[in-house]
Number of protein chains: 2
Amino acid sequence: MKKGERRKRELLQIAYRMFVSKGYENTSVDEIIEAAGIAKGTYYYYFQSKEQMLEEVIGMMLEVEAEKAEAVLRADLSVPEKIVGIIASIQPEQQERTIDEALHRPENLLMHDKIRGRLFDLIVPILSRAAEDGVREGLFDCDHIPERIRMILILSSDLFDGHNPYTPAVIDVFIDATEKILGARPGTMGFIRALVRAPQDVQ
Amino acid sequence: MKKGERRKRELLQIAYRMFVSKGYENTSVDEIIEAAGIAKGTYYYYFQSKEQMLEEVIGMMLEVEAEKAEAVLRADLSVPEKIVGIIASIQPEQQERTIDEALHRPENLLMHDKIRGRLFDLIVPILSRAAEDGVREGLFDCDHIPERIRMILILSSDLFDGHNPYTPAVIDVFIDATEKILGARPGTMGFIRALVRAPQDVQ
DNA sequence: TCCTTTTCGACTGTCGGTCGGTTTTTATTG
DNA sequence: CAATAAAAACCGACCGACAGTCGAAAAGGA
C-alpha cells in the first residue's frame, strides 16, 4: 500500500516536468514510461488514461498554490494588499516561468483550459472573501461578489495571458472596468498595473 | 483550373458538415475521404494538413456571418437594435444549433478556440462602429471603444457558452458590468436579457 | 506528342491503450 | 518461523486508429 503511492507520486512528478517542458500533447506515454523506467502495463496500472493523469498532475500543481493563497488571506494585510498577494501567489514562480510559456502554446490548449477552470474554482472563493472585507470597509460597493470576481478573472486571464500583447489602453480600460464592476472609487485598483506589467517586463 | 476549385469547395462542405455533427477531433481524414469518395493522396493534394483544412472550414463559416453582421450595421436601426442584430447574426441558426453544441464539447477545444479568436477579430470592429454611434447619441459615455467591446465579448463568450449553466445573478451582474464598461445609464442594456435567455429556453 | 493537373492507394511511423501472464509483497495460518 | 494463499505491482508484446508520405498512374489540354 505504501509503495504504490510513492511510485504514483514519482510518475506524476516526472510527467509534470515533461508536460511543462515539452507540452502535454507532445509528451507520449512511451516517453514517460521510458523516463520512469517502467513498462506500459505499469503505467496503466496507476492511471486509467493519459488525460486522467493530466488531471492529477494539475491537481498536484494547484494544491501548492491554494495553500499559498489561503495563507495570504489569513495574513494581517489591507484588502488591496491581500488581493495583490492572492493573485501573485497563483502566478508562476520565477523558475517555473516555462510552465506559463508552455501553457500558451496551442498544443496545450486542453491543459491550459483545465488548469484555468480549476484555478478559478479554487481562487474565486478566496478572492471573494477578501473582496467582502473590502465591502465591509467601504472600499467596494456591490452585491454578488463571487460572480463579479469571476468576471474580473475571466477578463484578466483572457487579456493578459501572454500570447496576445496588450496595449496601455487595454490596461487602463481593464482597471476602469474592475473598479466599476466592484463599485470602487476611481484609482482604487491602480495597483493592478504593477501586477500586469511585471510579467511583460521580464520577457 | 476550374475543377480543382470545385472539388476543394466540395471537400470543405463535406468536412464542415462532419466537423459540426461529429466534432473536429472525432472526424478522421479517412472518414472525410470516404464520404467524398476520393483517395488519401487527393485529400493531401488539396490540403496541407487536417488542421489547415479546419482553418479553411472556419473561414468559410465566418464569411457568411460577417456579411450578415455588416448588413445589420448598414440598416436603418437604433443603436440598441443594431447591437442586438449584430450579436444575433453571429449566433448559430436554428437548424445549425448542433454547431454550437458540437463546439462546446471538450474534444473540440481547438476548433472552438480558433473560431472564437477569428470571430472576435471580425465582430469587434463592427460592434465598435455601432457603439460609436451610441456615444455620439449620448447613449454611452466612454473612450477606447474597441477594447471595451472586446471585453464584453470575452465575458459573454465565457459566461454564456452553454457548458456551464448561468444563474439569474450572473445575467444581472453581466448587464450591470456591460452598462458600466460602456458608461451607459442603468437599464440601457436590459435588452441583453432576451439575447441571453433565448438559447437556454430552447434546450 | 508532351506537359500539367489531378488522382490513386499501399505504406509508414507514432500513438494511446489492452491483455494475459509473471514477479514481488503482504497477510494468514499450522 | 516457515509455508502458502491472496493481493498488489509489474511486464512487454500486441492492437487498432490515426495523420501524413510517395511514386506512379490517369485525365486533360496545348
Side-chain angles (χ1 to χ4, degrees), chain A residues 1-59 102 105-114, chain B residues 1-59 102 105-114:
Chain A
M1 289 187 185
K2 269 289 155 57
K3 194 165 170 212
E5 253 327 289
R6 254 187 297 126
R7 164 116 309 171
K8 188 163 183 178
R9 270 178 199 282
E10 180 199 343
L11 294 179
L12 286 174
Q13 273 295 337
I14 291 171
Y16 165 73
R17 266 180 258 128
M18 297 181 80
F19 287 172
V20 160
S21 66
K22 312 183 32 176
Y24 168 73
E25 314 273 6
N26 293 335
T27 304
S28 69
V29 173
D30 283 313
E31 287 172 315
I32 297 172
I33 65 174
E34 203 216 312
I38 59 165
K40 205 64 166 288
T42 308
Y43 176 91
Y44 281 96
Y45 174 73
Y46 289 106
F47 305 100
Q48 282 131 39
S49 69
K50 192 187 166 193
E51 190 167 335
Q52 186 260 320
M53 182 197 218
L54 172 60
E55 298 288 354
E56 296 212 32
V57 168
I58 293 172
R105 290 210 303 268
E107 66 265 30
N108 288 327
L109 244 186
L110 179 68
M111 186 161 71
H112 183 266
D113 200 63
K114 283 187 192 257
Chain B
M1 287 185 189
K2 269 289 154 56
K3 195 164 170 210
E5 254 326 290
R6 255 190 295 126
R7 167 125 295 183
K8 188 164 182 178
R9 269 178 201 283
E10 179 200 343
L11 293 178
L12 287 174
Q13 273 295 338
I14 290 171
Y16 165 74
R17 267 181 255 127
M18 296 183 81
F19 288 171
V20 159
S21 66
K22 313 183 32 175
Y24 169 72
E25 314 272 7
N26 293 335
T27 304
S28 69
V29 173
D30 284 310
E31 288 172 315
I32 297 172
I33 65 173
E34 203 216 311
I38 60 166
K40 206 62 167 291
T42 307
Y43 176 91
Y44 281 97
Y45 175 74
Y46 289 105
F47 305 100
Q48 282 133 37
S49 68
K50 192 188 167 191
E51 190 167 336
Q52 186 258 322
M53 182 196 218
L54 172 60
E55 299 288 353
E56 297 211 33
V57 168
I58 292 171
R105 290 213 300 272
E107 65 265 31
N108 288 327
L109 246 186
L110 179 69
M111 186 160 72
H112 184 266
D113 201 62
K114 284 188 193 255

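Here the structure is a predicted model, which means the values were calculated and not measured. Every chain is numbered from 1 and lettered A, B, ... according to where its sequence line falls, protein lines coming before strand lines. The analysis underlying the following values was restricted to heavy atoms, covering all of them including side chains, and did not include hydrogens, waters or symmetry mates.
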May I have the distance from [X] (atom [atom1]) to [N] (atom [atom2]), rounded to whole angstrom?
X	N	atom1	atom2	value
B:I33	C:dA10	CD1	P	11 Å
B:D30	D:dT21	CG	C1'	14 Å
B:R6	C:dT7	CZ	P	10 Å
B:I32	D:dG20	CD1	C1'	13 Å
B:Q48	D:dT21	CD	C1'	14 Å
A:E5	D:dC10	CD	P	12 Å
B:I38	D:dA26	CD1	C1'	16 Å
A:Y46	C:dG17	OH	C1'	18 Å

Would B:F19 and B:I32 count as a side-chain contact (heavy atoms from CB on, under 4.5 Å) if you check the C-alpha gap in whole Å, the side-chain angles of each, and the deciding distance to 0.1 Å? CA-CA 10 Å; B:F19 288 171; B:I32 297 172; 4.0 Å; yes

The side chain of A:K40 lies closest to which of these nucleotides: C:dT6, C:dT18, C:dG9? C:dT18

From D:dC10, C:dG17, D:dG20, pick the nucleotide closest to the side chain of A:R7? D:dC10

Looking at every strand, decide which applies to A:S28 at a 4.0 Å heavy-atom threshold: base, sugar-phosphate, or nothing. sugar-phosphate

Using a 4.0 Å heavy-atom cut-off, does B:Y43 contact any base of the nucleic acid, only the sugar-phosphate backbone, or nothing at all? nothing

May I ask you to say whether B:K8 pairs ionically with B:E5, meaning some side-chain N is under 4.0 Å from a carboxylate O? no

Test: A:K40 cationic atom under 6.0 Å from A:Y45 six-membered ring centre, within 45° of axis: no

With a distance cut-off below 6.0 Å to the six-membered ring centre and an angular limit of 45° from the axis, does A:K50 pair with A:Y44 as a cation-pi contact? no

Please walk me through it: do A:D30 and A:E34 pass side-chain contact (heavy atoms from CB on, under 4.5 Å)? CA-CA 6 Å; A:D30 283 313; A:E34 203 216 312; over 6 Å; no

Is [X] close enough to [N] that one of its side-chain N or O atoms is under 4.0 Å from OP1 or OP2 there?
X	N	value
B:T42	C:dC8	yes
A:Y45	D:dA9	yes
B:Y44	D:dC22	no

Measure distances between side-chain N and O atoms of A:K50 and base N and O atoms of C:dG17, and say whether any donor-acceptor pair falls under 3.5 Å. no

